[in-house]
Asks: 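One structure, as structure tokens, below. Some questions next.
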2 protein chains.
Amino acid sequence: MELRHLRYFVAVAEELSFGRAARRLHIAQPPLSRQIRDLERDVGAPLFDRGSRGVTLTAAGRAFLPEARLTLAQAERAQRTAQRAAQGETGRLRVGFVEAATHSGILPDVLGFFRMHLPAIGLSLLEMDSAQQAEALRESRIDLGLIGSIPPDAERWLHTETVYADPLVLAVPEDHPLGGRRRFTLADLAAESFVLVPRYASPVLHDDIIARCREAGFSPRIAQEAAGWHTTVSLVSAGVGIAFVPQSLARLTRTGVAYRTIRDFGVELQLTAVWRQREKSPVRERFVTTLRAVARARMPAARSARGEGSAGRRQPPVPPAPPRTALPRTRR
Amino acid sequence: MELRHLRYFVAVAEELSFGRAARRLHIAQPPLSRQIRDLERDVGAPLFDRGSRGVTLTAAGRAFLPEARLTLAQAERAQRTAQRAAQGETGRLRVGFVEAATHSGILPDVLGFFRMHLPAIGLSLLEMDSAQQAEALRESRIDLGLIGSIPPDAERWLHTETVYADPLVLAVPEDHPLGGRRRFTLADLAAESFVLVPRYASPVLHDDIIARCREAGFSPRIAQEAAGWHTTVSLVSAGVGIAFVPQSLARLTRTGVAYRTIRDFGVELQLTAVWRQREKSPVRERFVTTLRAVARARMPAARSARGEGSAGRRQPPVPPAPPRTALPRTRR
DNA sequence: CGGCGGCCATACCCCGTCGGTATCGCGCTG
DNA sequence: CAGCGCGATACCGACGGGGTATGGCCGCCG
């Protein structure tokens, strides 16, 4: 028994005529008769009573009809399910992320987009640090990691893509002596007091800043630790100290605070997506595409993120184009 | 897409190896590869990741697998449903019956057998008289009628089969003068008082008896009406009168009552099944087969019922052999 | 009442395709 | 590095799905 038999049977049962059914199926009547005969032989019982004036369903045929319809519907459902899974419209994705990914607002936006437009995708979110994510990826406990920077051992089996990069600029109180100067070097700040992100909140960023300062010849004096960027800016505004903040923040000018670029400071706030290199996953591709779009919308400058991978392509921000396979569809 | 593709896909997905799956399917590996490739083209997405070391399911494949299994199961279910319907193991039957059919105990026995052995059959029971049944059959409101005798207009489009025939004998009190006589004619009973079934309970039987008496030259004097045979016998035993009762009752001898055959009385208690001539119905055949078996078990004499139709065949009483079509089953 | 037309079955043919054999390409492995 | 295991590719034969032509049956109508 094949689906063809069921399709033919349903057509004949609906038309109650071999001739009309054959026309509807775009085949000739004799082959249709033969297929139905084969089906009846296979089922083991006649399904139609042939009268010279059309045909009628037998008891077996009447019982068979709804089941045959169900079978055909189930077959189509199977096909659609596979297609949707291939296009990443359904499935499951386990995402590891550092806390900073939520603070930046990028991850919440992506999640909101998925809940809104792709509700059939099950997302599992697991907060963990970079090292844990690398291990979880290796052990296939997560499918995607979101980390603050590319790990030192940029492993060969991992694909990394920095989707968001925001250079840090200096925030100073408007009435601060440095407010008037045009150009800084890092060393000029040796005597200042800083508002700094606590290490536990963003270890990579914290360490990067400290390391750059030490390279410039001083160890920064920490006046106050602050976990959120807006808090940090408020403290700067209040004169507690100066701070390094993402450039994107500088666009929302706040009274009492001035922003100054430090040439060759080179520390960036980053968000990098990382996943198992050779594993194809339509859902992951969807996620990354969305992530790129959301992140780009929040990027401070027009230039795109400089991650390795295919991060350079321009795409409409939201919604992202679905990843499509190039295979042509045949009939049915 | 055909069921073949799904069967092959499931095999490969379960074995995670084209070679092993091909062996399991009893085909060579290259055709299997081609079928899977065709399936993937049809679905519109790759279902397997081919590694040189076996294969893995893609996300689409993982989503497709359970749906494919469901489709195959549904197809088998469809087939079995049709088979069962063809053998009358499932379906619906609307049965019209006269009240006497239940009093005789035959119909309840058939119903009990169906509830016990064929619970998947839905039986609709509608009590109506012979004329109503004929009309209901014509209008296809019932599929089978159970009546007390063949209707006067033994219509050409109806098939009738008398499944039960029980000649009436005379029941007299043991101490009654008639008890000693060997041979009777009906006319000998002209002066007696009778216990008779009320007309509303069995109109045909009632009228038959009255008519025979009038032919014999008298109109019977009714001492008492009684609706059940056992009640009738009790009344005879108590000396209320004499009565015509089914011969089968005479086997259960009751103290105080003697039974005598009246030559050429010729009135029978009958139960006749009737249905639309040219309509095939496995459930109806089942029902009639069972009916025959149950009725025969209650028949008084060894001789079979003399109905027109195929009533003469001997069959094991219960359970009846299922009507089987001679079509051979092919593979799968 | 006989010819006609509609309907399905049968007979026969062609070619698409399913399944078979032979072979290749490619990693992995001893 | 040769061997091997696995899937893909190439090619072939034959089975069967679909085509046309035709027959048998029955209801209809002139």
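Below, read A as the first sequence line, B as the second, and so on, with proteins coming before strands; counting in each chain starts at 1. As a basis for the values below, the full set of heavy atoms in this structure was taken, side chains included, without hydrogen atoms, waters or symmetry mates.
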Asks: Without decimals, in angstroms, what is the distance between A/D49 CG and C/dA9 P?
Replies: 11 Å
Asks: Let me know the distance between CG of A/L39 and P of D/dG16, rounded to the nearest Å.
Replies: 16 Å
Asks: Measure from CZ on A/R7 to C1' on D/dG17 and round the result to the nearest Å.
Replies: 13 Å
Asks: Let me know the distance between CD of A/E15 and P of C/dC8, rounded to the nearest Å.
Replies: 11 Å
Asks: Nearest whole Å is fine: how far is C/dC8 C1' from A/I36 CD1?
Replies: 12 Å
Asks: Do any N or O atoms from the side chain of B/E2 and from the backbone of A/L3 form a donor-acceptor pair under 3.5 angstrom?
Replies: yes
Asks: What is the distance, to the nearest angstrom, from the CG atom on B/L32 to the P atom on D/dT9?
Replies: 14 Å
Asks: May I ask you to verify if any side-chain N or O of B/S33 is less than 4.0 angstrom from the OP1 or OP2 atom of D/dA8?
Replies: yes
Asks: So that I can tick it off, tell me whether B/E14 and B/R69 are bridged by a salt bridge, with the cut-off set at under 4.0 angstrom between side-chain N and carboxylate O.
Replies: yes
Asks: Less than 4.0 angstrom from a charged side-chain N to a carboxylate O is my criterion; do B/R141 and B/E139 meet it?
Replies: yes
Asks: If the cut-off is 4.0 Å, is B/S17 near the phosphate of D/dG7, judged by side-chain N/O to OP1 or OP2?
Replies: yes
Asks: Look only at the side chain of A/Q79 and the backbone of B/V43, and say whether a donor-acceptor pair between them is shorter than 3.5 Å.
Replies: no
Asks: Is it true that A/E89 and A/R286 make a salt bridge, defined as a side-chain N closer than 4.0 Å to a carboxylate O?
Replies: yes
Asks: Is B/S140 close to B/R94 at the side-chain level, that is, under 4.5 Å between some pair of heavy atoms?
Replies: yes
Asks: Please give, in whole Å, the distance from D/dT9 C1' to B/R50 CZ?
Replies: 13 Å
Asks: Could you list the protein-to-nucleotides 18-20 of chain C atom pairs, N/O on both sides, closer than 3.5 Å?
Replies:
| residue | atom | partner | partner atom | Å |
| --- | --- | --- | --- | --- |
| C/dC18 | OP2 | B/Q35 | NE2 | 3.1 |
| C/dC18 | O5' | B/Q35 | NE2 | 3.3 |
| C/dG19 | OP1 | B/Y8 | OH | 2.9 |
| C/dG19 | N7 | B/R34 | NH2 | 3.1 |
| C/dG20 | OP2 | B/A28 | N | 2.5 |

